[in-house]
Each structure stands twice: as C-alpha cells, then as structure tokens.
Amino acid sequence: MKNKLNITWCYPDILNLNGDKSNIKAFEKVAKALDLDINISRIDSYDDIIDFKNTDILLFNSCELNNVEYVIKALKDQKKELKKYLDSDKILIAIGTSGAIFANRVVRIDKGDLVGLELLNMNCYEREEMLVDDLMLKVRNENIKLIGSQVQTMDIIVNDDSYFADVEYGYGNNKGENIDGARYRNLIYTNMIGPLFVKNPWFTQEIIKLAMKNKKVEIEKCIDKDEFEFEYKSFDTIKKYIEEK
C-alpha cells in the first residue's frame, strides 16, 4: 500500500483569491509523482471542526481581508488543538491575506482592529492602496528559490526574526527590510501568490516530504524535471525578466 498524505483544505470557497485553488491540484500532481496516495478533506463551513489528528497539512489560500474576521472567530474555539497540532511540527500554510488570521493584531482602515489567533508574532496594517508586483524569494536558511506574484492589501510588521524568506525582488515585510512572511515551527506564512505551489513544484515537494517525515516516512524519490519541464522553464524565463527590470 502506498503511503498517504492527508491535506485539509480550509474554507476553499471563502479563501479563494488569485487562482490559489490550483494549489491543491499542485499537491495532487506532486504527490502522485512521489508515489503517494493523497486524501483531501474540505472545511467548508465556519461551523466545521478540523480533524487535526488525521491531517498532515492545513492549507489556507489567499482571501479578501473582510473574511479574516470570520475565520478567526471560527478557529478561536479550536485554538488549543491548533496549537498542539503546530507544536507537534505538523504543517500549516497561509498565503497572502490569510496570514492575518494567525497574526497578533489586524488594523483595519475605518473598521476597527482585530485580534488574531496570535500564533505568528506579527501585526498587519490594511493599506489604502493595493500593491501588485512580481515576487522572488529565497527560503530562509535553505537553498530554495521561489517565484510568483504579490497582491498586498496589508503592510506586515514581524516583531522578531521569525520571517519566512529573503526577498530578492519585490516588496517585503517591515517596510523594506527585504524579508517575506513569517514562520512559527511549520506554520508558514508568505505573501507569494501565483499560485505558489503550481509555479514552484520543488517547494511543493519539500513540503510534502516534510509532512511525511513528521509521520516517520522518508521519501527518497524526487520529482522528474522532465515531468515538470514547463514549470522549470517558466521559472528561468520569469527570473530573467525580473533581473532585466
């Protein structure tokens, strides 16, 4: 029997901006390339309870800032279980504005402040103008480069050194410190959309391998570059375009 990867896709019809629904397809394709079975569960309603025990990866795609408040409320009653999940080094991915769900504080323009789940030591400040650009990152302390886009409706201030990646091109956190996102154990937040896991299958692979390692399963196989030729060539083309800007 093949090893199984369990992903819980959180609020897919609510956290659904920027084509990020395709991220789940990226996980399916890469898992198949690594000879893994994959089980995808959906959390569709704010009343649904997450099955943390049978989840390896929690996926929160990007969303409208107006939805952040409702997701925070839905998860507050599950915060103790969520913290236990994260402290066991299981994986949670938050993309784009969804990172605000896990922040300390979210400051809205003319709509009052929100208290987040306080799992990432950062504050979020709604922008008066949206910021759109390419984004190129190097994952902190790892030899992994990522390319995508950013559509930022918030400025992010990380209050310690727990950022996710170094910014090689684009707008980062902390008003120009050339850092992106935030991280607590394997809770990873990044501003990169694109979709992130579609454009960067090598990163999808690393996340899957990390999830399986947490289950004491070592995956030695790697994705075949020929199978993902389009993504690799796209990376090189976009990288060249960015470097020539």
Side chain proximity check, Arg108 to Asp113, heavy atoms < 4.5 angstrom: no

Minimal non-hydrogen separation, Ala211 against Ile91, with atom names: N-CD1, 3.5 Å

Atom pair CD1/CD of Ile50 and Glu81 - distance to nearest 0.5 Å: 10.0 Å

For the student: nearest non-hydrogen atoms of Met122 and Ala182, plus distance: SD-CB, 3.8 Å

Check against side-chain contact (heavy atoms from CB on, under 4.5 Å), Asn186 and Leu86: CA-CA 7 Å; Asn186 287 326; Leu86 294 172; 5.9 Å; no

Rounded distance (nearest 0.5 Å) linking atom OG of Ser41 with atom CG of Leu58: 10.0 Å

Between Tyr163 and Asp160, a side-chain donor and acceptor under 3.5 Å: no

Ser162 side chain to Val158 backbone, donor-acceptor under 3.5 Å: no

Residue pair Ile147 / Leu135, side-chain heavy-atom distance below 4.5 Å: no

Derivation of the side-chain hydrogen bond (donor to acceptor under 3.5 Å, both in side chains) call for Asn121 and Asn104: CA-CA 6 Å; Asn121 190 14; Asn104 293 330; 2.9 Å; yes

Any donor-acceptor pair under 3.5 Å from Lys90 side chain to Leu82 backbone: no

Side-chain touch Val132/Gln150, heavy atoms, less than 4.5 angstrom: no

Asp37 and Asn3 side chains, donor-acceptor separation under 3.5 Å: no

Shortest non-hydrogen contact between Ile72 and Val115, atoms and distance: CG2-O, 3.6 Å

side-chain contact (heavy atoms from CB on, under 4.5 Å) partner of Phe60, chosen from Leu75, Ile93, Leu187: Leu75

Any donor-acceptor N/O pair, Arg185 side chain to Asp87 backbone, under 3.5 Å: yes

Tyr241 atom OH, neighbour heavy-atom count above 12 within 6.0 Å: no

In one Ile/Leu/Val/Met/Phe/Trp/Tyr side-chain cluster, 4.5 Å: Phe52, Ile49: no

From Asn159 atom CG to Asn173 atom CG, the distance as rounded to the nearest 0.5 Å: 10.5 Å

Electrostatic pair Lys239:Glu243 at N-O distance under 4.0 angstrom: yes

Glu126 (side chain) donor-acceptor with Ile109 (main chain) under 3.5 angstrom: yes

Residue Tyr70 excluded, over 12 heavy atoms near OH under 6.0 Å: no

From Thr97 atom OG1 to Met154 atom CE, the distance as rounded to the nearest 0.5 Å: 5.0 Å

Lys73 and Glu69: CA distance, side-chain angles, deciding distance, salt bridge (Lys or Arg N to Asp or Glu O under 4.0 Å) verdict: CA-CA 6 Å; Lys73 287 180 179 177; Glu69 176 181 2; 3.3 Å; yes

side-chain hydrogen bond (donor to acceptor under 3.5 Å, both in side chains) assessment of Asp20 paired with Ser62: CA-CA 7 Å; Asp20 277 358; Ser62 56; 2.9 Å; yes

Non-neighbouring partners of Tyr125 that pass ring pair (Phe, Tyr, Trp, His ring centres under 6.0 Å), sequence neighbours left out: none

Arg127 to Tyr171, cation-pi by 6.0 Å centre distance and 45° axis angle: yes

Salt bridge flag under 4.0 Å for residues Lys25 and Glu28: yes

Main-chain N/O of Lys233 paired to Thr237 side chain as donor or acceptor, under 3.5 Å: yes

Least distance between heavy atoms, Pro12 atom then Asp44 atom: CG-OD1, 3.6 Å

Shortest non-hydrogen contact from Ile14 toward Cys63: O-CB, 4.1 Å

Step-by-step salt bridge (Lys or Arg N to Asp or Glu O under 4.0 Å) determination, Arg140 to Asp161: CA-CA 11 Å; Arg140 186 181 184 188; Asp161 67 347; 3.6 Å; yes

Asp48 vs Tyr11 side-chain heavy atoms within contact, under 4.5 Å: no

Spatial distance of atom CG (Asn61) from atom CG (Asn16) [nearest 0.5 Å]: 8.5 Å

CA sep, side-chain torsions, deciding dist, call: Lys80, Tyr85, side-chain hydrogen bond (donor to acceptor under 3.5 Å, both in side chains): CA-CA 9 Å; Lys80 183 178 179 180; Tyr85 169 92; over 6 Å; no

Heavy-atom neighbours of Lys245 NZ exceed 12 at 6.0 Å: yes

Heavy-atom closest contact (Leu120 atom, Gly99 atom, distance): CD1-O, 4.4 Å

Val30 side chain near Ile223 side chain, heavy-atom distance below 4.5 Å: yes

Pair Tyr184 + Phe102: ring centers closer than 6.0 Å: no

Test salt bridge (Lys or Arg N to Asp or Glu O under 4.0 Å) applied to Lys145 and Glu168, step by step: CA-CA 9 Å; Lys145 291 198 175 186; Glu168 297 192 344; 3.2 Å; yes

Test item: Ile208 and Ile219 side chains (from C-beta on) under 4.5 Å apart, heavy atoms: no

Side chain to side chain donor-acceptor pair (under 3.5 Å) partners of residues 216-225, not counting sequence neighbours, each pair once: Asp35-Lys221

Short side-chain to backbone donor-acceptor contact, Thr55 and Ile57, under 3.5 Å: no

Backbone of Ile157 reached by a side-chain donor or acceptor of Lys175 within 3.5 Å: no

Under-4.0 Å salt bridge between Asp236 and Lys240: no

Over 12 foreign heavy atoms within 6.0 Å of CD, Glu64: no

Hydrophobic cluster membership, Ile43 vs Ile40, 4.5 Å side-chain cutoff: no

Carboxylate-amine/guanidinium contact Asp13 Lys21, below 4.0 Å: yes

Sidechain N-carboxylate O distance under 4.0 Å for Lys213, Asp56: no

Spacing of Ile238 atom CD1 and Ser149 atom OG [to the nearest 0.5 Å]: 7.5 Å

ring-ring contact (aromatic ring centres under 6.0 Å, His included) partner of Trp202, the single match among Phe197, Phe235, Phe228: Phe235

Salt-bridge present (Asp180, Lys138; N to O < 4.0 Å): no

Any side-chain heavy-atom pair of Lys215 and Met212 under 4.5 Å: yes

Beyond-backbone contact of Gln152 with Asp133, side-chain heavy atoms, under 4.5 angstrom: no

